[in-house]
Amino acid sequence: MKNERTNHAELLNWVKAMAELCTPDRIVWCDGSESEKKRLEQEAVGTGELVELNQEKMPGCFYHRTAVNDVARTEHLTYICTSKQEDAGPTNNWMAPEEAYEKARQLFKGAMKGRTMYVIPFSMGPIGSVFSKIGVELTDSIYVVLNMRIMTRMGTAVLEALGSKGEFTKCLHSKADLDIYRRLILHFPEDNTIWSVGSGYGGNVLLGKKCLALRIASYLGMKEGWMAEHMLILGIEKPNGEIQYVAGAFPSACGKTNLAMLVPPEGLKHKGYRIWTVGDDIAWMRIGKDGRLWAINPENGFFGVLPGTGPATNPLAMETIKENTIFTNVALCPDGTVWWEGKDDNPPAEAIDWKGDKWQPGMKDKDGKPVLAAHPNSRFTAPISQCPSFNPKIHESTEGVPISAIIFGGRRAGLVPLVYESFNWRHGVFVGSQIASERTAAQFGKQGEVRLDPMAMLPFCGYNMGDYFKHWLEMGKRMKSQPKVFRVNWFRRDQNGKFLWPGFGDNLRVLEWILDRSNGKVDAVETPIGYIPKPNSLDLTGLNLNPETLKELFDIDPGEWMPTFLAEEEFLAQFGSKLPQELREDLEDREKRFQAVLKNKH
Ligand code: TSX
Ligand code: MN
């Protein structure tokens with residue numbers, strides 16, 4: 001195959017082989033240019049794949065609907081394909097590579113007939129940074145090309161950086177016939193390859209994101225001595241210009257994007273903090289020459305959930321999505337704008353819902369349940385540069401930013417206090433392994449059920465999680481100075497189900513304590529689970545929080561904690577000999593600390 005854009009023989013051979021398998025009518029190499037974008041948008045509008053939104057009110061914005069059975073990541077169809085099943089571990093679906101390739105080959109065979117195969121060269125991270133990884137995605141979806149163009153650095157510059165011999169992740173995607181029974185999301189870490197077929201939903205098809213930047217990257221990180229984590233990164237700048245950075249892992253539906261775009265609350269305005277949004281989903285972290293942990297956001301945009309996003313919950317997101325944004329699975333209004341639950345209190349009098357049906361406010365289905373205008377997992381795709389708290393210097397920095405603190409969170413109505421600090425890095429790994437979240441109404445399954453999701457990585461770790469915990473412990477040993485590790489819970493409730501903490505911008509009060517602890521500026525109270533703030537250490541200026549509420553927020557009840565230990569022990573036990581001894585000991589040590597508390601009470 002001859003090509004004027006690249007002389008990378010392996011890349012050219014691979015594109016040729018995949019085209020022979022998928023038999024597209026033509027192959028188009030994407031250059032990332034503005035004219036290419038316009039051309040693809042118009043073509044997709046012509047076929048109905050995209051709807052052009054009201055260009056006066058929403059310049060550069062487009063609308064897309066997925067198939068109704070293709071609205072979220074399909075974890076049961078997602079596989080880690082390593083030669084040994086043990087390397088995928090007990091928490092991943094596993095298939096032997098040869099079997100997986102063979103199964104998928106049947107699905108890819110001729111799947112692009114009558115279609116165009118787009119070749120998308122992309123970089124996760126700034127082109128040329130030691131952090132960065134290059135991928136090439138082949139797809140028959142213009143929606144994928146236009147989304148990848150927002151979510152990654154994409155185009156000719158990437159091919160130039162790749163040169164004639166550079167390494168890249170081979171990403172193959174076809175919508176095929178969008179049949180859920182003919183859908184597979186396959187990862188081949190040993191071949192640096194991803195095959196995704198039968199889906200058009202973002203998390204399954206924007207292969208740079210969850211598939212490459214988390215599953216494949218976590219595997220590469222384990223081999224190469226760095227970390228790929230499901231974390232937001234934010235910078236907190238003080239009036240003296242000093243910025244400190246925090247990375248945070250939260251399971252879905254905990255408001256990670258909201259936290260990444262935090263707006264300081266009125267009561268703290270006088271302190272003059274400025275927040276920089278570095279990333280809202282993924283952090284790649286390496287140990288710097290100074291022995292500290294440094295991080296980048298490998299992405300170039302946001303793929304965020306829309307329902308619940310409005311001026312009150314996330315004003316910066318609302319600014320970010322004013323233009324050049326792709327809206328997926330929300331409601332389409334007659335004036336060519338879009339609406340979703342939580343956008344504002346003015347739903348359109350009539351609209352077309354995410355399924356393509358006529359919709360009116362107050363509509364009920366046959367079971368009497370409200371008909372939603374937007375799917376609960378409807379999304380925006382928007383360039384990170386449009387976020388008011390975006391900082392181009394940080395974003396393009398090839399060194400990344402130094403991480404002062406890592407926070408783990410979850411949605412818990414009880415048990416977990418507003419914030420606590422682990423005793424040390426090793427204990428922080430143990431605390432991260434306990435991360436769990438309650439299902440919300442928006443998720444499939446029983447509401448309120450608590451599911452363990454260590455480091456919020458359960459669906460995204462591309463290898464055995466027992467080895468993953470070991471990798472965390474080893475990274476800690478290699479650092480000269482480790483970030484302090486915290487756990488937070490914005491979602492604690494009182495007996496009447498009322499949230500005890502105002503959350504949102506007021507979370508800065510917690511971040512402030514976290515940084516004070518990291519800087520050794522404030523003492524804390526030791527408890528059996530870690531350190532909590534002294535009664536007057538949190539700045540609650542302007543909050544009107546009553547002392548009883550504050551007490552409840554930090555209550556640590558052995559009668560509530562101790563019955564949760566068994567589920568954690570069972571979860572960790574499934575890793576067998578892969579579970580690091582340190583975590584076994586930390587389980588025992590915690591038990592002993594609680595026993596001691598009980599003894600002192602009597
Ligand atoms: O994102 C959230 N955060 C983090 C923000 C920086 N949410 C939304 C979760 C769904 C994605 C929150 N919801 C947070 C939070 O800190 N806290 C809560 C719970 C809550 C909801 C409403 C109120 C208080 C707490 N208050 C009123 O409604 C007035
Ligand atoms: Mn995520």
Side-chain angles (χ1 to χ4, degrees), residues 72-73 75 151 201-204 206 208-215 217-218 228-234 236 246-265 268 275 277 279-283 297-299 301-318 340-342 345 376-379 381 389 407 409-413 416 418-419 435 437-443 453 455-461 488-494 496-511 514 543-545 549 553:
R73 288 182 297 102
E75 284 174 20
M151 295 306 295
Y201 170 74
N204 289 336
L206 308 178
K209 192 176 178 66
K210 301 301 192 183
C211 300
L212 194 167
L214 286 176
R215 297 196 192 95
S218 62
E229 297 298 330
H230 190 201
M231 289 179 179
L232 64 89
I233 308 169
L234 62 77
I236 300 163
V246 174
F250 295 76
S252 58
C254 291
K256 222 158 90 225
T257 303
N258 298 343
L259 187 63
M261 299 183 186
L262 184 145
V263 177
L268 290 192
I275 304 295
T277 302
D280 79 326
D281 198 36
I282 299 172
N297 166 19
E299 302 192 280
F302 304 114
F303 185 64
V305 172
L306 279 164
T309 303
T313 57
N314 195 336
L316 299 196
M318 295 305 284
W340 57 88
E341 280 74 16
D345 296 327
N377 194 33
S378 53
R379 299 275 170 158
T381 320
S389 50
I407 63 180
R411 176 186 281 269
R412 302 298 292 263
V416 181
L418 178 61
V419 58
I435 287 310
S437 220
E438 282 152 16
R439 279 192 234 229
T440 64
Q443 288 159 318
D453 183 1
M455 281 81 168
M457 278 292 276
L458 193 63
F460 305 117
C461 186
V488 299
N489 177 21
W490 319 133
F491 301 94
R492 200 158 187 180
R493 301 177 192 237
D494 67 13
N496 304 316
K498 193 174 169 289
F499 287 113
L500 291 163
W501 178 248
F504 299 94
D506 287 303
N507 294 334
L508 182 57
R509 302 170 193 276
V510 175
L511 296 178
I514 285 173
L543 249 199
N544 256 328
L545 204 72
T549 305
L553 273 167

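Since the structure is predicted, the reported quantities are computational estimates derived from the model, not experimental observations. Just so you know, ligand 1 is whichever comes first in the structure, and atom 1 is the first atom listed for that ligand.
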**OP:** For atom 1 (O) of ligand 1, grab the closest protein heavy atom and report residue, atom and distance to one decimal in Å.
**Re:** Asn258 ND2, 2.7 Å
Original post:
Does the protein put any heavy atom within less than 4.0 Å of atom 19 (C) of ligand 1?
Top reply: yes
Subject >> Asp281 and Leu232, any side-chain heavy atoms less than 4.5 Å apart >> reply: no
**OP:** Number the atoms of ligand 1 from 1 as they appear, then name those within less than 4.0 Å of a heavy atom of Gly503, with their elements.
**Re:** 16 (O)
Subject >> Residue and atom names of protein N/O/S atoms that fall under 2.8 Å from the Mn ion (ligand 2) >> reply: Lys210 NZ, His230 NE2, Asp281 OD1
Subject >> All pairs passing salt bridge (charged side-chain N to carboxylate O under 4.0 Å, His left out) where residues 303-317 contributes a residue, at least two apart >> reply: none
Original post:
Which ligand 1 atoms are under 4.0 Å away from a heavy-atom of Phe499?
Top reply: 19 (C), 20 (C), 21 (C), 25 (C)
Original post:
In terms of ring plane angle, is the pair His230 and Phe460 parallel, tilted or perpendicular, where the classes change at 30° and 60°?
Top reply: perpendicular
**OP:** Considering the heavy atoms of Asn507, write down every atom of ligand 1 situated less than 4.0 Å from one of them.
**Re:** 4 (C), 5 (C), 6 (C), 15 (C), 16 (O)
Subject >> Residue pair Val488 / Leu418, side-chain heavy-atom distance below 4.5 Å >> reply: no
Original post:
Can you find a pair of side-chain heavy atoms, one from Trp490 and one from Val510, that are under 4.5 Å apart?
Top reply: yes
Subject >> Sub-4.0 Å heavy-atom contact, Pro502 with ligand 1 >> reply: yes
Subject >> Residue portion contacting ligand 1 (non-hydrogen atoms closer than 4.0 Å) for Trp501 >> reply: backbone
Original post:
Just checking, is any N or O donor in the side chain of Arg379 or Asn377 under 3.5 Å from an acceptor N or O on the other one?
Top reply: yes
**OP:** Answer yes or no: is there a side-chain heavy-atom contact under 4.5 Å between Phe303 and Lys209?
**Re:** yes
Original post:
Can you check whether Leu234 reaches Thr277 side chain to side chain, under 4.5 Å on heavy atoms?
Top reply: no
Original post:
Considering only the protein, which heavy-atom contact is closest to atom 11 (C) of ligand 1, and what is its distance?
Top reply: Gly255 N, 3.6 Å
Subject >> Close-contact set for ligand 1 against Arg411 heavy atoms, below 4.0 Å >> reply: 9 (C), 10 (C)
Original post:
From atom 25 (C) of ligand 1, is the closest protein heavy-atom distance below 4.0 Å?
Top reply: yes
Original post:
Does any N/O atom on Leu262 come nearer than 3.5 Å to any N/O atom on ligand 1?
Top reply: no
Original post:
Will you find, in the side chains of Trp501 and Asn489, an N or O donor that is under 3.5 Å from an N or O acceptor?
Top reply: no
Original post:
Would you say the side chain of Leu511 lies within less than 4.5 Å of the side chain of Leu262, judging by non-hydrogen atoms?
Top reply: yes
**OP:** Do me a favour and list the nearest non-hydrogen protein atom to atom 12 (C) of ligand 1 with residue, atom name and distance?
**Re:** Phe504 CZ, 3.3 Å
Subject >> Flag side-chain contact, heavy atom, 4.5 Å: Thr309 against Met318 >> reply: yes
Original post:
Is there at least one protein heavy-atom neighbour under 4.0 Å from atom 7 (N) of ligand 1?
Top reply: yes
Subject >> Test item: Arg412 and Ser437 side chains (from C-beta on) under 4.5 Å apart, heavy atoms >> reply: no
